[in-house]
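See below for the structure under consideration.
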Amino acid sequence: MKSKIHVVWNYCVLCIVVVKGNFIKRPDDVTECSGVDLTFGWEYSGSANVVMWEKLPSTTVLSHVLIVDLLTPGSGYEGRIRHNSNGNMTLKSLKEEDSGTYKCTVTYLLGIAEDSIDVIIYNRLRMPPSITYNSKTNKLSCTVADVNSGIHYTWTLNEEVIGTENALIPKNSGVYTCVITGKAIEMCAVSNIKKNASFSLQMEKPVVAARQPTIRTIDGQSVTLECYVVSAVPQIINSWKWFRENEKGNILSYSPTYNISFVTVGHGLNYKCTASNDAGESIPVTVMVQVLTPPHIQSFGEYSPLENSNLHIRCNISSNPSPNWDQVHWTKIESISFRVSGFSLYFNEISRQEAGIYTCHVTTLLELTSGQILTKTDNKNVTIDVLYAPGSSIKLSTTSNSIITIENSAIPTVLCSANCNPGCAFNWQTPSGTLIAGAELSLGNAKRNMNGTYTCSASTSIGLDNHVAYARIDLIIHYSPFITSILPSKSVSVMEESQITLVCKAGGYPSPNITWSYMGKNDTSSLKSIVDFESLTFVNISRMKGGIYFCHVNNGIGEGHFEEIHLTVTHGPGLSVEILPLNSISVSENETIENITCSATCNPVCSYKWQKPDGNHVADNNLELGAAHRDMSGTYLCTAENEIQSMTLQGFARLSLLVYYSATISFFSPKNKLILEEGDTLQIVCEADGYPFPNITWSKNNNIFSRKDVHYFKALSCGDSGYYTCIVTNGIGSTDEDGFNLSIPCGHIQEDTTTVTFENGTGGSSINLSQINSDSRQSIFIYVGIGGGIFVVVAIAVSFIIVYTIKGQRQIKGPINQQATDIQPGNEYNEILDTDVSSISPSQGVYSEITEDGNTVEEPHSTDDPREPSGGSSVGYSKFQPSNNLDSSYLCAVPSNSTVTSITCNNLDSSYLCAVPSNSTVTSITCNNFESFTRNES
């Protein structure tokens, strides 16, 4: 940096003190990257009039303080200068071209101070270096985009340093690498930018081409052969060579051209040209020299092909160039229109008409490289003689290929002729194989055994597989028809629904027409035509197809002929069984039933039997029943059967017989007068018999209240007292009726009422009720006495029924599900004991278990044993009989919350005790030899 100081002098009159200006801070030289801002940081002392910056050697003013608009327009600094408050300058967005020397000049009143700095700006490296190759100059160049300074270059080949400039002359093939370094790279390279580039250089031998790959000429002319380089790396050619093909050691020329001053046929060769550079010698390029010659056709031999064989004749021509197929054609002397182009004359399956003299013509054009065209021609003849067998030329003297005549008439003579080269020999062969030599066939009078084909053969001596030709004529002798066989026979039996085929075979010529006609076995007055075939097939034949079948044969010669076949169709009764007069009969009881007949259509005839409703059989087709009885009602089955081919075939028909009889009461309950209490239940039953089934009507005091056979009263009242009548009727005969009287005293109905009904009791026993305690518990005591006699009134036995019911409120002291066998003193069953049981200790006794199938199982058991009934199949304990001398007492107790189907207590001495808790259900109890005890309500 440099500074200048100007001295100011003063006068004696006036002494003025001026402070000299000076830089008190100078910036260092700057090296920076493009794109950033640079502030020139000079500081100076004193009072400056002007501060000016400029770039040397230019006089361009960059910035100013006191003087305005000194910035040179178009200098590239417009808009990039910023004035700082302290008078310094900032240059924004530095560029590489901003590099240079910058001077700062400070002007004072009495002097000037100057200073300068050097600024180096490097462009930023934003792209990696690249390598280009110029094959014409053989030069490699390494370039860096937008960076022109601060770079050092290093070249390597296969990692060996070979240069330090940005350009390089390569000597060998390989991978050339350019590496860039220097301040610009170190400071201003974009992060991760690649700082080297590689170039794979493959030095290539020259590729040469011929100026004229083909040169056409004739004897005596002069020609020049020339080649040139198409490509080469490098493109500098060191040498040229010309030589003949396969004579590389004999160099004809060392320049790109080779000249032949006088051409002969021997010069018609291929010539090679090569070029060499630093990479080596090129692959030779070929130049073909053609010495053109006129065409010449070689002579033909003799051709004698066999007819229908293939013949190929080629016109062989020597010339240069060889003629194209369209320059060669064939003609035939005997035919003006015949013309075929090409070297070859083809005959596929040659015929005798194609024999003759043929000429091959050739015309060539000799087109020289100079552009001159010469026309040259030649031609040769060839003779074709075709040998042939008679082939299709054989023929007979008749106008058709058959002779039709009638037996015993004269047969006309037939002559055979044909064309052959060489000539033909003739023979005739008869249908039996006999040979007759010569072309004439004479047979005499016609006989039926002469029928057949007669063949004439014409042959030649040439060695061909087809040297023989044939002509045939059919001799057809007509004679009258006849039947040769009938199948399976003239009398046939077949089972219905099977299959059968009737076959009628016949002889005669022409072959006779065969027709079938039919005459049914029940219709002999007319014939019905069926079908015109040799066989007649029946599939699933029916009985209606039985009858006489006629086979007729006729061919128009003489009279026709026929044979008959008797066809019998056997069948079982099938669905043909019927009952006469009707298959459903309704009669009243004691009415006489008309005789019934069962019939069926069978072949052979059927036998019959009837099966009655009671299972009895009648072996006849007639059924005689006589007077109708109600037991006869039901279905009568008629069976018709016959036997065919060891099979029994049956058919059935059914007769429905209905016998009407009047209505009667079959069961009625109750039969006697009943005395019940209010709240009791009652079931009344009236079952009836009769056909049609009777209508049932219940009435009370002649007032109808039900039309059902069973009626149930859930809770009776005293108003239900009265006489109940059941009447049955069905419109046949008289009605039937029965009734009973019901008495229900009127009174208060208490809760837990239990009704006990005894039916069909027997005498001879009594029940002692005196031992039953009558406290506030509900118990049932039964007393029945029978007065020692049976009163019989009109066959109806009347039993006296005494029903005694004691009602009360039960106090439950024990568990409600206690088993009867667990009775102990003090429980709810104390009331039923007729002795003091307080002293009874657990002891061994016998219990009875009632199973679901009604059987009773008895087994020793202790009263304190909690064992349950066996197998889960029992319905509960029915009784427990202690064995501690209870004298004549008997205990029969039903547990609480249980359901017992039946309880049986037998052989009671003088007292009977039976307790049923109010929450238990007992269906039936039998006591003291009474047949039934029915509890209607729990």
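Just so we're clear, the structure is a prediction, and the values are computed from it rather than from any experiment. What you see below is based on every heavy atom in this structure, not just the backbone, and it leaves out hydrogens, waters and symmetry mates.
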Verify, without hydrogens or angle tests, whether [X] (side chain) and [Y] (backbone) share a donor-acceptor contact under 3.5 angstrom.
X: K272; Y: N270; result: no
X: S319; Y: P321; result: yes
X: W155; Y: E165; result: yes
X: R216; Y: E367; result: yes
X: T455; Y: Q429; result: no
X: T293; Y: N320; result: yes
X: S480; Y: G558; result: no
X: K380; Y: I297; result: yes
X: E407; Y: Y479; result: no

Would you call the rings of H329 and H361 parallel, tilted or perpendicular if under 30° counts as parallel and over 60° as perpendicular? parallel

Could you state the interatomic distance from [atom1] ([X]) to [atom2] ([Y]), rounded to the nearest 0.5 Å?
X: S457; Y: N427; atom1: OG; atom2: CG; value: 4.5 Å
X: D385; Y: S304; atom1: CG; atom2: OG; value: 4.5 Å
X: Y176; Y: L168; atom1: OH; atom2: CG; value: 6.5 Å

Got [X] and [Y] here, is their nearest side-chain heavy-atom distance under 4.5 Å?
X: R472; Y: D474; result: no
X: E349; Y: N310; result: yes
X: T430; Y: Y454; result: yes
X: Y346; Y: V340; result: no
X: R126; Y: D146; result: no
X: V287; Y: C273; result: no

Would you please indicate yes or no on a ring centroid separation below 6.0 angstrom for W330 and F347? no

Examine the side chains of [X] and [Y] and answer whether a donor and an acceptor come within less than 3.5 Å of each other.
X: E96; Y: S149; value: yes
X: N148; Y: Y122; value: no
X: Q372; Y: S370; value: no
X: S130; Y: T143; value: yes

Would I313 and Y358 satisfy side chain to side chain contact (heavy atoms under 4.5 Å, CB included), going step by step from the backbone distance to the final call? CA-CA 10 Å; I313 301 175; Y358 293 82; over 6 Å; no

Provide the closest heavy-atom pair for E281 versus K205 in the form atom of the first, atom of the second, distance. O-CD, 2.9 Å

